[in-house]
Amino acid sequence: MSEEFSLSALQDKWLPVWDSLKPFDSAKPGDERPKKYVLDMFPYPSGDLHMGHAEAYALGDVIARYWMQKGFNVMHPIGWDAFGLPAENAAIKRGLDPRKWTYENIEQQKSSMRRYACSFDWDRVLQTCDPIYYRWNQWLFLEFYKRGLAYRKNSNVNWCPSCQTVLANEQVVQGLCERCDTQVTKKALTQWYFKVTDYADRLLDDLDTLEGKWPTKVLTMQRNWIGRSYGANVQFEIVNRKEPVTVFTTRPDTLYGATFMVVAADSDLASELASESDASVRMEFFSYLEKTKQVSDIDRLATDREKTGVFLGRYAVNPLSGEQIPIWASDYVLADYGTGAIMAVPAHDERDMAFANAMQLPVLTVVDTGEEDPSVSRIATAGDGVVVNSGPLTGLKKDKAIEKAIELLEEKKLGLRAKNYRLRDWLISRQRYWGSPIPIIHCEKCGEVPVPESELPVLLPDSAGLDLQPKGTSPLGAASDWLNVACPTCGGAAKRDSDTMDTFVDSSWYFLRFLSPNSEKHAFDPAEAKKWAPVDQYVGGVTHAILHLLYSRFFTKVLYDMKLVDFEEPFSRLLNQGMVLMNGSAMSKSRGNLVRLSEQLDEHGVDAIRLTMAFAGPPEDDIDWADVSPAASGKFLARAWRIAKDVSSDPGSDVQTGSLEVRKATHSFLAAFTEAIEGFKFNVGVAKCMELTNALRKAIDSGVGGGDPAVREGAEELAKAISLFAPYTAEDMWELLGHKPGVALATFRSVEADLLVQETITAIVQVDGKLRDKFEVSASISEAELRSLALASPAITRLLEGKQPVNVIVRAPKLVNIATK
RNA sequence: GCCCCGAUAGCCCAAUGGCAGAGGCAGACGACUUAAAAUCGUCACAGUGUGGGUUCGAGUCCCACUCGGGGCACCA
């Protein structure tokens with residue numbers, strides 16, 4: 001116990017004590033406390049912790065510690081998302097073994113987390129690159145495969161020329177690689193997919209159950225991403241072709257206005273239709289196809305691009321009107337959405353109109369929206385209106401016409417009601433080394449053969465001797481000892497699948513692995529899942545709003561269908577913390593505005609940094625490090641610490657004999673603090689601690705003095721509250737107050753309701769909404785009494801001279817408002 | 001272009017439809033000190049981005065706009 005407050009001394013003092021105390025062990029036998037599962041998104045071990053981690057873990061810790069001190073058995077685990085490109089790229093650059101590099105970083109992060117006083121249960125650590133973990137990744141893959149949820153297909157996939165690997169749709173941002181910002185190109189490859197589209201409806205509809213529990217922003221982003229739209233699949237007969245072509249439309253009401261058809265230039269259908277056309281069409285089409293393949297996604301996504309296309313020399317028959325319409329190929333139609341072909345209604349679709357204008361195609365108006373006739377103006381009208389020129393649909397309003405059109409099509413067996421999604425299946429193959437091997441063997445005779453469960457895990461071969469340089473094919477393809485195996489079915493020569501899984505597979509179920517992180521029998525123990533899951537509180541950055549959260553939700557639903565879990569949503573509540581900025585922009589070495597966490601910790605101490613993170617503002621807002629003051633946080637902690645030092649009563653003193661005023665301050669603090677923390681208003685929670693500290697200081701210096709038992713009560717609750725933000729300081733305060741180490745397990749006193757009631761209250765009197773007088777009244781004053789007091793007040797009677805009060809609103813005991821004419 | 005979120009003091013931020021200020025930073029002044037730091041205390045500072053509306057009463061609810069941030073965007 002020192003005379004002066006020194007955070008670095010407290011760190012050295014308490015860290016070893018905690019190591020032996022293990023306050024955050026969540027698997028104590030016979031623990032009867034109710035459970036709470038609090039989870040921080042696990043980190044990538046690509047170096048030491050940075051300011052962003054410091055914020056995330058500070059906030060996650062506030063929540064975890066709060067529930068512990070509310071008497072819950074809190075499971076707050078941590079692990080590492082240890083496979084993946086950053087580790088592999090860094091390893092390539094330094095010529096090191098990615099395994100060694102990864103584990104070294106993990107050790108460094110782990111020791112930084114301990115110093116940072118994270119309340120993690122260190123007996124539940126996992127690393128996704130451990131065979132004991134990815135064995136179950138592979139097991140899950142095979143379970144998905146059994147259920148038809150993992151399949152291989154050849155298609156034009158997103159390809160990052162820099163990472164030299166394919167990317168999932170979700171990893172392409174504005175046509176750029178999510179990781180390295182390189183322009184993504186297309187490549188035809190046979191790859192593994194997870195059939196997430198089978199779950200599109202559930203993934204979308206169940207978002208409703210998360211309303212109010214997840215940030216609106218995330219819910220909106222997920223809804224947009226899934227992008228369900230309703231309409232019809234309509235069959236068009238093709239002249240000189242046996243099979244009709246089906247198109248998806250959300251506007252079957254405009255079917256009579258379809259004046260041409262467009263098929264995606266890069267679709268098989270386009271090639272087929274062109275191949276059976278004239279030689280000149282064939283030439284023109286294939287040269288157009290070549291050109292479209294050159295166009296990058298960036299250019300393709302530009303909405304103001306000139307429409308281009310080729311007439312295929314073929315005709316389709318409008319199923320309702322019987323008209324023949326020309327078929328065009330263009331790159332404005334996407335091959336992998338709907339059926340890759342559309343009916344073009346230029347009068348009522350902007351894009352089709354642009355194409356019709358570019359190619360001088362006819363426009364037929366079929367909806368009168370009251371705007372200028374699009375067949376004259378050549379400007380599309382997409383709004384509501386009355387259908388015209390459309391046979392049996394004529395005269396109906398849009399919605400009715402859509403229904404009627406679908407009925408007609410279904411009757412004639414020319415179409416069906418249909419839904420479509422923006423969401424695509426999840427491409428999980430990656431042509432990289434540092435990932436989970438895909439447990440499939442390719443045999444010339446037997447085709448795809450799953451690796452038998454007894455042979456799992458398929459271990460990743462040692463990287464020594466392998467060329468990890470990205471070259472477009474998996475480095476594992478060169479590990480011939482590993483690659484060449486006997487087919488499990490026929491025993492003949494076969495090869496392993498040499499791609500590895502997207503690391504988002506690893507992170508889609510890790511929250512369940514924490515329940516039994518070392519189990520060799522299960523991916524996770526179902527009994528433990530029943531006890532702990534789902535996650536009660538998830539904390540992480542909004543950067544994962546789509547990818548990780550969508551995939552985890554998908555996995556959870558599949559596991560539900562496998563009857564391995566009894567819930568359909570993995571994360572009951574979600575808190576997104578903001579980012580830590582410096583001078584308005586994200587920190588980066590190249591911008592020269594990098595703030596080093598280790599330097600901040602050395603300069604100000606762990607507690608001051610943690611407190612600063614919590615106090616800076618609402619957790620979901622970004623923190624600009626230029627706007628905050630860790631030094632001020634340190635000052636406050638010293639001030640609070642001195643309160644504990646100045647308490648001179650004995651532990652266990654009878655609080656009933658203490659100052660009522662101080663007791664009231666303490667208990668109203670407890671009520672306000674609880675409300676603030678449970679509402680994620682950590683900044684307000686800290687402010688309440690400051691308020692109580694100020695009140696206690698005043699009581700000690702110029703009030704009842706440090707010997708009053710009520711001051712002790714206040715100081716003890718203050719120590720517990722501060723423990724959420726500044727555990728070292730709080731632990732020392734706890735000791736100063738005469739307690740054994742373990743403030744993290746000391747539960748908050750329950751609020752004594754009678755200490756919250758005020759006997760007197762300041763009533764305010766308004767005239768026409770403006771404050772005119774105030775006076776002290778009994779808190780139990782009646783409305784009539786308060787009303788007459790207000791009307792009798794000299795200040796008010798003076799004001800009311802010559803005016804007529806028309807209405808007197810009384811809200812006892814707080815307010816009277818007199819409305820005058 | 002569409003959708004979402006935000007705008008309160010010099011700054012960061014509080015405020016169940018009821019006194020605009022809980023807390024902090026920066027500032028001024030005072031106490032302690034030979035002096036300074038540290039500490040303790042006191043004080044000052046805005047009428048809530050703009051314009052309308054609802055209400056006895058609006059920072060808070062509604063409408064329009066401005067600015068800032070984010071998401072989606074050739075998905076038929």
Side-chain angles (χ1 to χ4, degrees), chain A residues 4-5 173-174 215-225 227-229 231 247-252 254 258 262 264 300-305 307 330-334 336-345 348-352 354-355 382 420-424 542 545-546 578 584 611-612 615-618 620-624 626-629 631-633 635-636 638-639 642 672 675-676 681 683-694 697-698 700-702 762-774 805-811 814-820:
Chain A
E4 288 302 318
F5 178 75
V173 180
Q174 313 261 300
T216 321
K217 191 179 170 182
V218 175
L219 296 176
T220 309
M221 285 168 76
Q222 293 230 345
R223 288 191 179 109
N224 285 345
W225 191 263
R228 179 167 58 196
S229 53
V247 304
F248 173 73
T249 178
T250 56
R251 295 291 304 275
T254 62
V262 188
R300 206 187 147 108
L301 285 171
T303 44
D304 52 356
R305 231 173 110 236
K307 292 277 185 289
S330 173
D331 64 358
Y332 88 91
V333 170
L334 307 174
D336 60 351
Y337 182 79
T339 59
I342 62 153
M343 62 177 216
V345 184
H348 309 296
D349 183 284
E350 226 179 281
R351 299 150 300 179
D352 296 344
F355 192 79
N420 243 309
Y421 307 90
R422 215 191 74 101
L423 181 73
R424 309 296 151 89
V542 74
I546 297 172
L611 185 73
T612 302
F615 186 51
E620 59 277 9
D621 287 5
D622 291 343
I623 298 174
D624 196 323
D627 290 338
V628 297
S629 171
S633 301
K635 269 192 204 175
F636 164 68
R639 191 170 153 83
R642 282 191 302 269
E675 193 187 311
K681 294 188 273 188
N683 53 330
V684 178
V686 174
K688 294 296 162 196
C689 291
M690 292 171 167
E691 205 179 343
L692 179 63
T693 303
N694 292 344
R697 181 82 266 151
K698 204 169 177 181
I700 291 167
D701 287 355
S702 54
T762 310
I764 60 163
V765 186
Q766 299 174 329
V767 176
D768 293 326
K770 289 195 186 75
L771 176 68
R772 294 304 184 190
D773 195 16
K774 50 171 113 177
V806 288
N807 197 2
V808 181
I809 312 288
V810 185
R811 294 280 179 274
K814 273 161 50 181
L815 169 136
V816 178
N817 188 13
I818 302 158
T820 65

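Quick note on labels: first sequence line is chain A, next is B, and so on, each numbered from 1.
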Would you check if Asn817(A) and Arg811(A) make a side-chain contact, meaning some heavy-atom pair closer than 4.5 Å?
-> no
Please work out if Lys635(A) contacts a base, only the sugar-phosphate, or nothing of the nucleic acid, heavy-atom cut-off 4.0 Å.
-> sugar-phosphate
Nearest heavy-atom neighbours spanning Val333(A) and Gly340(A) | CG1-O, 3.6 Å
Does the side chain of Lys681(A) get closer than 4.0 angstrom to OP1 or OP2 of rA15(B) through an N or O atom?
-> yes
Minimal heavy-atom distance between Thr612(A) and Ser633(A), with the atoms involved, is OG1-OG, 2.7 Å
Would you mind classifying the nucleic acid contact of Arg424(A) as base, sugar-phosphate or nothing, using non-hydrogen atoms under 4.0 angstrom?
-> base
Does Lys774(A) get its side chain close enough to the base of rC19(B), under 3.5 Å, for a donor-acceptor pair?
-> yes
Value in whole Å for how far the C1' atom of rG57(B) lies from CZ of Arg772(A) | 13 Å
Test item: Phe248(A) and Tyr337(A) side chains (from C-beta on) under 4.5 Å apart, heavy atoms = yes
Whole-Å P distance, rC32(B) and rG49(B) | 44 Å
For Ser229(A), answer base if it contacts any base atom (sugar-phosphate contacts may also be present), sugar-phosphate if it contacts only those atoms, and nothing otherwise; contact means non-hydrogen atoms under 4.0 Å.
-> sugar-phosphate
Listed nucleotide nearest any side-chain atom of Ile809(A), set rA14(B), rC11(B), rC56(B) | rC56(B)
If the C1' atom of rG6(B) is compared with that of rC13(B), how far apart are they to the nearest Å?
-> 14 Å
What is the base-pairing partner of rC32(B), counting Watson-Crick and G-U wobble geometry with both distances under 3.5 Å?
-> none
Look through every strand shown and name the nucleotide pairing with rU50(B) as Watson-Crick or G-U wobble, where both distances are under 3.5 Å.
-> rA64(B)
Nearest-angstrom distance, P atom, rG23(B) to rG41(B) = 12 Å
When we call it a touch if two heavy atoms are under 4.0 Å apart, what does Asn817(A) touch: a base, just sugar-phosphate, or nothing?
-> base
Using whole Å, report how far CG of Leu771(A) lies from C1' of rA20(B).
-> 11 Å
Just name whichever nucleotide pairs with rC25(B), Watson-Crick or G-U, keeping both distances under 3.5 Å, else none.
-> rG10(B)
So, is rG57(B) syn or anti if syn means the angle is within 90° of 0?
-> anti
Kindly confirm or rule out a cation-pi arrangement of Lys307(A) over Tyr332(A), judged by NZ or CZ under 6.0 Å from the six-membered ring centre and within 45° of its axis?
-> yes
Would you classify Asn694(A) as touching base, sugar-phosphate or nothing, given that sugar-phosphate means primed atoms plus P, OP1 and OP2, and contacts are heavy atoms under 4.0 Å?
-> sugar-phosphate
Using the C1' atom on both, measure rC29(B) against rA44(B) and round to a whole Å.
-> 10 Å
Taking atom C1' in both rG71(B) and rA58(B), what distance in whole Å separates the two?
-> 31 Å
Between the side chains of Arg639(A) and Asn694(A), is a donor N or O closer than 3.5 angstrom to an acceptor N or O?
-> yes
Let me know, please, whether Asp621(A) or Leu815(A) comes out on the 5' side of the other along RNA chain B by nearest nucleotide.
-> Asp621(A)
Name the residue closer to the 5' end of RNA chain B, choosing between Asn683(A) and Lys217(A) according to the nucleotide with the nearest heavy atom.
-> Asn683(A)
Give one of base, sugar-phosphate or nothing for Thr250(A), where a contact means two heavy atoms less than 4.0 Å apart.
-> sugar-phosphate
Say whether Ser229(A) and Thr250(A), considering side chains only, have a donor N or O and an acceptor N or O under 3.5 Å apart.
-> no
rG1(B) -> Watson-Crick or G-U wobble partner, both distances under 3.5 Å, gives rC72(B)
What integer number of Å spans the C1' atoms of rG18(B) and rC12(B)?
-> 27 Å
Any strand: nucleotide that pairs with rC45(B) via Watson-Crick or wobble, under 3.5 Å = none
Ignoring backbone atoms, establish whether Arg811(A) has a side-chain N or O less than 4.0 Å from OP1 or OP2 of rC56(B).
-> no
Give a yes or no on whether a donor-acceptor pair under 3.5 Å exists between the nucleobase atoms of rC72(B), that is its base, and the side chain of Asn224(A).
-> no
Glu691(A) near the nucleic acid: base, sugar-phosphate alone, or nothing, with a heavy-atom cut-off under 4.0 Å?
-> sugar-phosphate
Distance in angstrom units between Asp336(A) CG and rA76(B) C1', rounded = 13 Å
Phe615(A) CZ to rC13(B) C1': how many Å, rounded?
-> 8 Å
Rounding to the closest angstrom, what is the interatomic distance between rU16(B) and rG59(B) at atom P?
-> 13 Å
Looking only at side-chain N and O atoms, does Arg697(A) come under 4.0 Å of OP1 or OP2 in rG41(B)?
-> no
Roughly how many Å is it from CZ in Arg642(A) to C1' in rA38(B), rounded to a whole number?
-> 8 Å
Could one point to a donor on the side chain of Lys307(A) or the base of rC74(B) with an acceptor on the other under 3.5 Å away?
-> yes
Counting heavy atoms from C-beta on, name the nucleotide in rA76(B), rC12(B), rA14(B) closest to the side chain of Pro618(A).
-> rA14(B)
Which part of the nucleic acid, if any, lies within reach of Ala616(A) when heavy atoms closer than 4.0 Å are counted: base, sugar-phosphate only, or nothing?
-> sugar-phosphate
With P as the reference atom in both, quote the distance from rG17(B) to rG24(B) in angstrom, rounded to an integer.
-> 26 Å
Scan side-chain atoms only and decide if Asp768(A) and Thr820(A) contain a donor-acceptor pair under the 3.5 Å cut-off.
-> yes
Just how far, in rounded Å, is P of rA20(B) from CD of Gln766(A)?
-> 8 Å
Would you classify Lys814(A) as touching base, sugar-phosphate or nothing, given that sugar-phosphate means primed atoms plus P, OP1 and OP2, and contacts are heavy atoms under 4.0 Å?
-> base
